[in-house]
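Notes for the one structure printed next.
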Amino acid sequence: MINKFSLIFLAFFISFSIQAQDKRAKALLDQVTAKVKSYNNITIDFRYCLTNAKENINQDSKGNVTMKGNQYVLNFMGITKIFDGKKTYTIVPEDEEVTISSFNEKDDNAITPSKMLTFFNSGYRYNMDIIQDVRGRKIQYIKLVPINTRDQRKEILLGIDVNTKHIYNLIEIGKKGTKTTLTVNSFKTNQPLSKNQFTFAESKYPNYYINKLD
């Protein structure tokens with residue numbers, strides 16, 4: 001039988017191992033954040049997959065986003081979103097409509113593309129997970145578990161390229177069986193951008209209905 005001392009030692013060893021993993025995960029996440037902040041701008045082409053076997057859902061889409069600071073232009077599922085730092089312009093060609101809304105800086109729940117590269121800095125417990133070889137690239141996964149028990153996400157697996165410290169993919173697993181995977185197909189940095197890259201020009205949409213929410 002395992003004596004009391006052995007149980008205490010085992011508990012200490014497991015606790016020590018978890019803390020060591022947490023420190024390694026934190027160090028890697030800090031490197032990712034530092035890399036993101038070091039670039040003048042970032043352009044990403046990505047693939048988005050949403051599946052739920054129970055609900056017979058299987059969606060697959062592609063998109064791209066260009067970011068500079070907190071400004072961005074996002075093209076996804078036929079919709080373009082432009083954020084100039086103050087207002088968000090949502091352009092829907094199918095409906096010939098543009099919706100304009102102000103950004104609330106005090107809203108911590110407001111998710112922007114730039115936050116997607118650093119979202120993990122608060123609100124999660126994390127530890128090192130598996131490492132995989134993906135076409136010659138070493139991808140280290142970190143498991144993130146939301147601290148808020150009301151969060152509908154069970155866990156998130158964040159895949160990080162060990163060499164570049166860039167995010168390779170993000171796998172989000174919901175408590176109701178939904179799995180969302182975002183994979184980065186192309187990650188370009190410090191590209192030459194137009195001075196009007198993040199400016200909405202109403203003159204380009206003469207027949208569109210302009211819906212101003214503020």
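Positions are given from 1 along the sequence. It should be emphasised that the depicted structure is a prediction, and the values quoted were computed from it without experimental measurement.
- Taking the salt bridge (charged side-chain N to carboxylate O under 4.0 Å, His left out) definition, one finds that D45 meets it with nothing, sequence neighbours left out.
- Scanning both residues, K176 and N52, for their nearest heavy atoms gives O-ND2, 3.5 Å.
- Taking CG of L144 as the start and OH of Y126 as the end, the distance is 9.0 Å to the nearest 0.5 Å.
- The line from CG of N127 to OH of Y141 is 15.0 Å long, rounded to the nearest 0.5 Å.
- The distance from atom CD of Q71 to atom CG of D84, rounded to the nearest 0.5 Å, is 6.5 Å.
- Note on F83 and V36: same hydrophobic cluster, where clusters join Ile, Leu, Val, Met, Phe, Trp and Tyr whose side-chain heavy atoms are under 4.5 Å apart, directly or indirectly.
- Using a distance-only test at 3.5 Å, with no hydrogens or angles considered, a donor-acceptor pair links the side chain of N190 to the main chain of N40.
- Considering all non-hydrogen atoms of both residues, K143 and D129 come closest at CE-OD1, 3.4 Å.
- If you take NE2 on H166 and CD1 on I139, they are separated by 11.5 Å, rounding to the nearest 0.5 Å.
- At least one side-chain heavy atom of L158 sits under 4.5 Å from a side-chain heavy atom of F120.
- With a 4.5 Å cut-off on side-chain heavy atoms, L50 and T178 count as touching.
- The CD1 atom of I79 sits 10.5 Å away from atom CD of E97, with the distance rounded to the nearest 0.5 Å.
- When the side chains of ILVMFWY residues are joined at heavy-atom separations under 4.5 Å, either directly or via intervening members, L29 and I147 end up in two distinct hydrophobic clusters.
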Residues L170, E172; criterion side chain to side chain contact (heavy atoms under 4.5 Å, CB included); working and verdict: CA-CA 6 Å; L170 182 152; E172 187 178 283; 4.2 Å; yes
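- The closest donor-acceptor contact from the side chain of D151 to the backbone of N148 lies at 3.5 Å or more, if one exists at all.
- Atom-to-atom distance recorded for I142:CD1 and R24:CZ is 9.0 Å, nearest 0.5 angstrom.
- Between S102 and K87, the side chains place a donor N or O and an acceptor N or O closer than 3.5 Å (distance only, hydrogens not considered).
- At least one donor-acceptor pair under 3.5 Å links the side chain of Q152 to the backbone N or O of R150.
- By the criterion of side-chain heavy atoms lying less than 4.5 angstrom apart, applied directly or through intervening Ile, Leu, Val, Met, Phe, Trp or Tyr residues, V184 is grouped together with M67 in one hydrophobic cluster.
- Minimum interatomic distance between P93 and G78 (heavy atoms only, all atoms of both residues): CD-O, 3.3 Å.
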Going through the checks in order, is the side chain to side chain contact (heavy atoms under 4.5 Å, CB included) test met by I42 and I44? CA-CA 7 Å; I42 299 173; I44 294 174; 3.7 Å; yes
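- Summarising the local packing, CG of D133 is surrounded by more than 12 heavy atoms from other residues, nucleotides or ligands at distances under 6.0 Å.
- Not counting sequence neighbours, the partners of T80 by the side chain to side chain donor-acceptor pair (under 3.5 Å) test are N75.
- When side chains are defined from C-beta on, Y124 counts as touching R153, because their heavy atoms get closer than 4.5 Å.
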Check against salt bridge (charged side-chain N to carboxylate O under 4.0 Å, His left out), D60 and R47: CA-CA 7 Å; D60 198 333; R47 180 184 177 189; 2.5 Å; yes
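- Note on L182 and F119: same hydrophobic cluster, where clusters join Ile, Leu, Val, Met, Phe, Trp and Tyr whose side-chain heavy atoms are under 4.5 Å apart, directly or indirectly.
- Closest approach of T88 and K81 over heavy atoms only: CG2-CD, 4.4 Å.
- Considering only heavy atoms from C-beta on, T51 stays 4.5 Å or farther from Q59 through its side chain.
- In this structure, a donor-acceptor pair under 3.5 Å is absent between the side chains of N185 and Y168.
- Counting heavy atoms from C-beta outward, Y48 and T181 have side chains that stay 4.5 Å or more apart.
- Applying the 4.5 Å side-chain rule to ILVMFWY residues, one finds V73, I82, Y89, I91, V98, I100, L193, F200, Y205, Y208, I210 in the same cluster as F198.
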One pair to check against side chain to side chain contact (heavy atoms under 4.5 Å, CB included): L213 and T99. What are the steps and the verdict? CA-CA 7 Å; L213 299 182; T99 300; 3.7 Å; yes
Carefully, step by step, assess Q191 and N41 under the rule side chain to side chain contact (heavy atoms under 4.5 Å, CB included). CA-CA 7 Å; Q191 299 296 296; N41 61 69; 3.8 Å; yes
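- In this structure, V145 and K154 approach most closely via the heavy-atom pair CG1-O, 4.0 Å.
- Looking at K26 and D22, no side-chain N of the basic residue comes within less than 4.0 Å of a carboxylate O on the acidic one, giving no salt bridge.
- Considering all non-hydrogen atoms of both residues, Q140 and I130 come closest at NE2-O, 3.3 Å.
- The side-chain heavy atoms of L28 and I160, taken from C-beta on, include a pair separated by under 4.5 Å.
- With contacts defined as side-chain heavy-atom distances shorter than 4.5 Å, the pair N163/R137 does not qualify.
- Counting non-hydrogen atoms of other residues, nucleotides and ligands closer than 6.0 Å to NZ of K35 gives a total above 12.
- With contacts defined as side-chain heavy-atom distances shorter than 4.5 Å, the pair I167/N169 does not qualify.
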